[in-house]
J.: 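My questions all concern the structure below.
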Amino acid sequence: MDRDNIVWKVAGAAGEGIMSTGLLFSKTCARHGWYIFDYTEYPSLITGGHNTYQVHAAKHPVFSQNLNVDVLAAINKDGLDFHLEELAANSVVLYDGQDDSINISEYRIKGKAIDLPMVELARDVGGKELMGNNVALGASIYLFGLDLNLLEEVISDVFGDKGKEVVDLNKKAASIGFQYMAQKTRPILKVEKQPDVKHLTLTGNEAVCLGALAGGLQFYAAYPMTPSSSVLHYLAACAKKTPTQIVVKHAEDEISAANMACGAAFAGTRAMVGTSGGGFCYMVEALGLCGVAELPVVFFEAMRPGPALGLPTWTAQGDLNFVLSASHGEFPRFVLAPGDAQEAFDIAKKSMELAEKYQTPVILLSDKYLAESRHTFKLDQTVFQNARFGLDFNPQIDDSGFYPRYELTDTGISKRSIPGFGWGPHLANSYTHTKYGLSSEESSDRKNQVDKRFRKMDLMTGEIPPQFWDVDLDAKITFISFGSTKGSLLAAKQILKKDNIPVSILNLSWLWPFPKDQVKKVIESSRNVVVIEGNYLGQLAGLIAQETGVMIKERYHRFDGRPFYPEEIVTFVKNFKA
Amino acid sequence: MQELVQTKKEVYPYNPTWCPGCGDFAIWASIKKGIEGTGSPREKIAIFYDVGCSGDMADFLAYWGFHTLHGRALPTAVGAKLANHDLKVVIVIGDGGCYGEGGTHFLNLMRGNHDITVIVHNNHRYSLTTGQMSPTTDKGTKTKSTPEGSVEEPLNPIAISLTNHASFVAREFAPDIPRLAQRITEGIGHIGFSIIDVLQPCPVFNPVQNHEWYRQRMVKLEELGHNPNDRKAAWNQVMRDDDKLPIGLFFQESKPAYHEQVSELSQSPLVNHSIETVNLSALIKEFE
Ligand SMILES: Cc1ncc(C[n+]2csc(CCOP(=O)(O)OP(=O)(O)O)c2C)c(N)n1
């Protein structure tokens, strides 16, 4: 096997450590200097359901999970039953022949099945049944010709704070799996460590956290909801480690979280809230409050399939229309949807800045696929600078005795006095108001303030950066997508390249203000445009039609909770008839 | 003495819009006096107003203010307090907003002992929306939304606060301005969650519970020899068998406020901390 990329999957019951086994494998690949993309699927249960973790690693950048798996570590019978389709002729599947429920002769397995007595070996080294995962992990490390020492290093780092005993046990279990395999078979590959390459790997949610912190996040409030909760967990755990002070509040509900953020923003701090679609429903009135009272708050919304409880642990891009128009009434907003961890970092950082600069809410839209998949990530610097915008620490009141917080300006942006700093009283007001923030039902006040707020749109539109545009002049198809679909498209493009089938990709991370000119240009210069998105209605296609006047008829939708698989995009392209 | 600016006339074409005889006038006067009584510099005061007749006060006071969404004055205030705990944070809210629409915030933020002072204009009605029943309306009361009499038993805010860890629990009568003002001064001075449930006549939508009705029932806790450090005694007062309505300080205890228990806030208020340079190096290791 001469390959520069590998796909490994571990599958078993939820609650049996599948996640941590996967993380160890993923990090081990990254420590070899390989790029990784990993992805987990799990049910909305704590224990009992089926759980998988796939790691796709390569010498070159990788963008997506794969349908086909080189090595499958089937921890239980379901691990075999559910994934046989993913095996190819040269795949290897590890299973535990001592598991009475498995009768291997009943299976028609493509590739090679190797009996690995995971539980027995785990017990031999003094571990519990669950340690069988680690035995399979060690065996997998052997099969790919990965360095066992690097795995041991990772085990020490990941389990370090659980004590030496846990670390040693994990190492022993991995090691015995490795040795057992060495006696049975030869490795299928030799993954060489790349000299001098150091990759960070992190999930989309972790990238959002780091980006927001880099952008000066000070206050985060949330109520747990998959797939946004890991942002709450990460920020809560790192509150003590961060160089800037941050306060993290698990509020009694999303309504409270969002309104707390409004208060924190009013008091001069950079604030963010996080949730998924259901919780965002509860936050919507506060979103409008940020619009009318001109409060800088970032709303992180990690989508899952809705409506209502939907599919809690699966992915979707079905909330685009909702976040674009959430709240009654009208006000300017940003809607930004990063496509990968790198963009998640950059855009989260930018969001903190944009909210303050334009004194208006920013919706940072992610989805389960991006939120919880792990990507290779480069951070060129660790020290970040933040400019501050619009804060007036030396406020002057006028004859009215108040500070003209909502003064009518050419740009629509006015200065903010901050409670406690000098004497510049004003009212942050949920009602229509005067320039001091005092309530008013005068037609002129209403009109002037609405006009003022919408004047910001000019400068906001000027902020739109070049969108991700991977163009091939010979492309038969140009895909237009948003957010996390980027990775699946890039992976498909890599595969199609080998068959000499060029495609172009325009992936939008800015959805509002809409990059109208860029999209128009791409549509005009493309032979065939296909809008690909993770929802039923074609919400992005609708937005494009609304903003450019072009209704794109070719669509590729997916709304079953699964991300787009590159192989399926490849088939779509090959079957495409203009 | 700091000037309590009432220059509103220039910018706001009208003075308080409350109905003649509304208890909100007296609470308004008491809040001004009560804040003055704390001696706090005016720039360190921030007032959060809920939506209601009560909340309309937002336009009649010259402090830093925030006219929040209905029911959400408490979380908004808590967010601001956590962002800058040097601020004295006062909340003006109705019984509808505090105990109904925002009930879950009331229950939960009380448990956190957030250092805020909640002044509830309890007129037993939703008045701004023209007189429907509220959570504190007596069972059987006919209102616009309950023409055959309300079915629910009234919520007892004092009993709930005593049970649910509030650290300063008081009830006062709106028209008694000196007394209410004094209580507000104490409430703001108290470090922790203080609730002052203010019995507020609403002659338009609640003509039955008028001044006379209250005067016949009210008794002053201090005249009953009540010890405000005794939670059980407070409980007995609030659950009296007779029709007496005790007013005064039911309970007070000293315990750390929420922000005092957040280690990140031990040095200085969040807002004072610079974000101009952020160094992430300490956070990177775990992603290698
Ligand atoms: C979300 C929402 N629901 C309903 C209203 C309408 N509303 C405004 S004030 C109010 C109730 C006011 O009652 P209370 O809080 O007791 O204050 P009061 O007017 O009696 O002082 C209602 C229902 C609103 N503004 N927002």
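Residue numbers begin at 1 in each chain, while the letters A, B, ... track the order of the sequences. Worth saying up front: this structure is predicted, and the values here are computed from it rather than measured.
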J.: Might you confirm whether atom OH of A/Y282 has over 12 heavy atoms from other residues, nucleotides or ligands at distances under 6.0 Å?
T.: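 Not buried by this count: 12 neighbours or fewer within 6.0 Å.
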
J.: Counting only heavy atoms not in A/K162, do more than 12 sit closer than 6.0 Å to its NZ atom?
T.: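 Not more than 12 within 6.0 Å, no.
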
J.: Can you check whether B/P75 reaches A/I255 side chain to side chain, under 4.5 Å on heavy atoms?
T.: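 Counting from C-beta outward, B/P75 and A/I255 never come under 4.5 Å.
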
J.: Against chain B, label A/L391 side chain, backbone, both or neither, depending on which of its atoms sit under 4.5 Å from a heavy atom there.
T.: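 Nothing of A/L391, per the 4.5 Å heavy-atom cut-off to chain B.
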
J.: Pick one of side chain, backbone, both or neither for A/L379, based on which atoms fall under 4.5 Å of a heavy atom in chain B.
T.: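 Side chain only.
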
J.: Side chain, backbone, both or neither: which part of A/F393 has an atom under 4.5 Å from a heavy atom of chain B?
T.: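 Contact with chain B is absent: no heavy atom of A/F393 under 4.5 Å.
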
J.: Counting heavy-atom pairs under 4.5 Å with chain A, which one of B/V89, B/V78, B/L270 comes out on top?
T.: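 Highest number of heavy-atom pairs under 4.5 Å: B/L270.
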
J.: Just so I understand: if I count every heavy-atom pair under 4.5 Å between each of A/G420, A/P425, A/A264, A/P419 and chain B, which residue has the most?
T.: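 Top option by heavy-atom pairs under 4.5 Å: A/P419.
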
J.: Which of the residues B/A46, B/G65, B/A83 is involved in the greatest number of heavy-atom pairs with chain A at under 4.5 angstrom?
T.: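 Highest number of pairs under 4.5 Å: B/G65.
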
J.: Most heavy-atom pairs under 4.5 angstrom with chain B, which of A/A30, A/G216, A/A221?
T.: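 Most heavy-atom pairs under 4.5 Å with chain B: A/G216.
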
J.: Among B/L87, B/V51, B/N84, B/I47, which has the most heavy-atom pairs under 4.5 Å with chain A?
T.: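 The residue among B/L87, B/V51, B/N84, B/I47 with the greatest pair count is B/L87.
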
J.: If you tally heavy-atom pairs under 4.5 Å against chain A, which of B/V262, B/V271, B/L107 wins?
T.: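 Of B/V262, B/V271, B/L107, B/V271 has the most heavy-atom pairs under 4.5 Å with chain A.
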
J.: Among B/H105, B/K44, B/E43, which residue has the highest count of heavy-atom pairs closer than 4.5 Å to chain A?
T.: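 That would be B/H105.
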
J.: Test salt bridge (charged side-chain N to carboxylate O under 4.0 Å, His left out) on A/K198 and B/E288; report intermediate values, then the result.
T.: CA-CA 8 Å; A/K198 211 172 176 190; B/E288 283 173 358; 3.5 Å; yes

J.: Just one of A/K240, A/K249, A/K241 clears the salt bridge (Lys or Arg N to Asp or Glu O under 4.0 Å) bar with B/E264, so which one?
T.: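 Exactly one candidate clears the test, A/K240.
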
J.: Which region of A/Q381, side chain (C-beta onward) or backbone (N, CA, C, O), has a non-hydrogen atom less than 4.5 Å from a non-hydrogen atom of chain B, or is it both or neither?
T.: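 For A/Q381, neither part sits under 4.5 Å from chain B.
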
J.: Is it the backbone or the side chain of A/N429 that comes under 4.5 Å from a heavy atom of chain B, or both, or neither?
T.: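 Looking at A/N429, backbone and side chain both touch chain B.
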
J.: Any non-hydrogen side-chain atom of A/F219 less than 4.5 Å from a side-chain atom of B/L82?
T.: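 Yes - at least one pair of side-chain heavy atoms lies under 4.5 Å apart.
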
J.: Taking C-beta and beyond as the side chain, do A/H426 and B/F66 meet within less than 4.5 Å on heavy atoms?
T.: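 No. Closest side-chain heavy atoms not under 4.5 Å.
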
J.: Chain B heavy atoms under 4.5 Å from A/F421: which part of the residue, side chain, backbone, both or neither?
T.: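 Both the backbone and the side chain of A/F421 come within 4.5 Å of chain B.
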
J.: Where the side chain of A/N386 meets the backbone of B/I275, is there a donor-acceptor pair that is under 3.5 Å apart?
T.: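 It does hold such a pair.
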
J.: Go through the atoms of A/A214 and report whether side chain, backbone, both or neither lie under 4.5 Å from a heavy atom of chain B.
T.: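 Both backbone and side chain of A/A214 come within 4.5 Å of chain B.
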
J.: Please check if any side-chain donor atom of A/Q385 sits under 3.5 Å from a side-chain acceptor atom of B/T277, or the reverse.
T.: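 Yes - a donor-acceptor pair under 3.5 Å links their side chains.
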
